[in-house]
Amino acid sequence: MTQGRFGLTVGPLLFNWPADRFADFYARLADEAPVDRVVIGESVCSKREPFREECLGPAIERLERAGKKVVLASLTLVTLERERRAARELFAQTQREVEIDDLTLMNLLPQGAPFAVGPMINVYNEPTLGFLARKGASRFCLPPELPFASVATLARSAAEHGVGLEIWAYGRMPLAISGRCYHARVHGLSKDSCQFVCERDADGLAVRTADGTEFLAINGVQTLSHKYANLAGDLDRLAGAGVTSLRLSPHSGDFIAIARAFARAAAGEIAPREALEQVQAAAPEAAFTNGFLFGANGAAPLPAACPWQPRAKHSRVGCNLSRITRASTRTRRDAWTSNGSWPGITHRAAWRRRSSPASRRRGRIPPDSAWTISRRWTSSISAGVAPRRSLRRGCCWRRA
Amino acid sequence: MPLNLAARRLASSLAGRHPALFERLGEQASKTFVIDPTDLPFVFLLEPRPQAPRLVAVRREAAGAWDARVAGPLAALIGLVHGAYDGDALVFSHDLVLEGDTEAVLALRNAIDNEEIDLVDEVFAPLGPLAVLATAPARRLAALLGGLTGVALTRGAGGSLA
Amino acid sequence: MTSPGSLELVCPAGTPAAFRTAVEAGAHAVYCGFNDETNARNFPGLNFSRVEMADSIGFAHRHGAKVLIAVNTFPRAGAFELWTRAVDDAAGMQADAVILADLGLLDYAATTHPALRLHVSVQAAAANADAIAFYARNFGVRRVVLPRVLSVQEIAAINRDIDIETEVFIFGGLCVMAEGRCSLSSYATGKSPNMNGACSPASHVEYREEGGDLVSRIGGFAIHRVKAGQAAPYPTLCKGSFEAGEYRGHVFEDPVSLDAASLIPQLAAAGVTALKIEGRQRSRAYTQTVVRNFRRALDALAAGRPIPAGELRALTEGQRTTSGAYNKTWR
């Protein structure tokens, strides 16, 4: 069921969804999502595992009945004795592949057992990839922070070793893991008596800076990016580089629609722009990035796919922050190299300047979204004044 | 003013006796620093160019354009140069204020910290063999002033932060 | 240098001057790195040229101290030679050990320099006996630097299960995330601790007066806002003041630093071999004070005397300290 140029993998659900929501999600995934592989199981916090036990088995069974390959997820940070025991038990079953996300599991791996390497294993170079491939790794999902040049080099190396290479193509990116639970901390609880407060935030709890800029999301002991990776517009270069598989990380909302958009784009049925628009329509609240691969930093907004460029006819489809930021990022690199330190703010301020009441009157922007935008201004203004130089540069939507 | 004579001597002495300082600075050597002793009526402009380093005292309002500013009491600044104080600790305690290009300031701090500079030695070094004649009285004076003001005017005077 | 049963004091050096200071102040071992992206403290104006490193190793050996060279970033794809050269040079200079994190580089060092002592860097975040056994079995590593996510009890349990040495952080900057597994900096700035050896890099830091407040930013993200005149800590990403739900404040960690001096006896009882002081980016004034204090403490412990009270408060970030994950309640 490979979608044209890429296999599609759904990564393990990172968030603490209640059991019924968990069951529904995987049932729909089994029945409706055009994906090949599903990595399933708890990878963030071992305290969540008991709640999953009941629904994990039926979910796996249903996915396999629907023809998906099921891979078992493992914990990202293994410290406790019971976590080591659980890791050992993962290998006690032999019918399914295990994705390791902590090198602890390398010590427990039965001789000759096939395994996959997850995105939290530090694979930064060819010798490391080669070492793990010789140990039996069949596939690598690379760490999200790698730049495109590294991905391309590692893809060549993966091809030489005859193993698959996957990248984090959709969803908030795991940026850090800790011994400390931040959900418990911000609720005034300790990790040991956390009351499972992480269950309240289906996509993580937003972390904003003191001036209101959205920055990160916390998910128990894990810290995620605020922005969602979205490589739907970059599949040509990824295929060219030799990437063989895309990982979609589960989120609330219409995840099946996200998977379908990626499947169509992977099969070449829709153009990159259309793929981005379909993904945006399915996740209207999400702000997107491909910055780790192609931008100046991991939070850099998506460049170039500007809905106000002359050819775009879809300007009615949403008009939230991610579109605005995307609109003005043609000049992003220049702005950064000239001042070095204003991602996320420079372009917003630039946009603000362009979106004068007059231009709104001319009907460039749908009135409903104008409200969204002006609300966003407040945060741009409080986020600080952009350096002059970048203000002087044009931004692409002016040309529309 | 005599201060500028001393500053010029210090600059040329650094160039001659501490070439490693400029290597450590790397590309940050092209920056302009303002060293601002907040308890004095003037500031120092430092341009640590490897070939022609420049250090001049100017009135605070005449400082012109700069990349980075380090401000604090003279005692803190001199203690920093002499390795008597820890720069981070001074910043944590707000005795020292940084402005502008933080990377440049860190590079300068690290480069100076490695050189184990004694300001009295540096100022009189250009005198060559005659330096001993000037250094000893200057050092005595510095020690005396240091005792009165708590300023680590020579390297031997400091050492303990806690 | 250390008698059996006594603890080894491993001290930081960012410059040759700090290196000499550490040795003279009583360091049993000094750790340091080359002045490029091969080490995890690749800061402006810091670290050692090849000549400086060779000279410093000579100085340490004449004074009976060991030198551990950190080559503990993760080599960039397509540029592996920069890192293998660092390992080769360390071996050639008679370094007492290299501190490594990357699997490929560990494999290279174990194969190419079988006599070279290998330590697993904290950047590898080997947090349990199985992970440590994996490194020992595959690369013959002799020591592991434990990540700062473990309690004293967990460290004791690990030491019961493994047969190589453990080294733990005792003082200095506190990483609240599992080390070597954090991309906060590259998310905000494009510079990565793992790839570039830079955490919250100064090149992307900006302090600015705004409405009577001093705001510090990194990569454009506001990290601290303090009233003018208040202590303004360096804007380390994980120690910033943020908003999350109803919570306003330090979501991840306060601007505190680690001081586990009071836990030295427990750490010794837990079977730890070496205590590590963080701070290669700090001045020699810091090095001198901290090293001297801890050496005094270790000598007292070895002689069965009570450990003298520390005088280190002023050297700590925000002037507040924590014993971090060593106490389980920290989590």
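Proteins come first, then strands; the chains are lettered A, B, ... in the order of their sequence lines, and each starts at number 1.
A distance of 6.5 Å separates CD of C:E209 from CD of B:E99, quoted to the nearest 0.5 Å. Note: B:R24 CZ to C:E52 CD = 4.5 Å, rounded to the nearest 0.5 Å. Atom NE2 in C:H204 sits 11.5 Å away from atom OG1 in B:T102 (nearest 0.5 Å). Taking CZ of C:R282 as the start and CZ of B:R109 as the end, the distance is 8.0 Å to the nearest 0.5 Å.
Within 6.0 Å of NZ in C:K191 there are 12 or fewer heavy atoms belonging to other residues, nucleotides or ligands. Shown here is B:E27, whose CD atom has no more than 12 heavy atoms of other residues, nucleotides or ligands within 6.0 Å.
Contact residues of residues 14-24 of chain C toward chain B are C:G14, C:T15, C:P16, C:A17, C:R20 (heavy-atom distance under 4.5 Å).
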Steps toward side-chain contact (heavy atoms from CB on, under 4.5 Å) verdict (C:Y234, B:D88)
CA-CA 9 Å; C:Y234 187 88; B:D88 289 13; over 6 Å; no
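Both the backbone and the side chain of B:L106 come within contact range of chain C, judged by heavy atoms closer than 4.5 Å. Residue contact with chain B, scored on non-hydrogen atoms closer than 4.5 Å, is absent for C:N35.
Checking side-chain atoms of B:D86 against main-chain N and O of C:S283 turns up a donor-acceptor pair under 3.5 Å.
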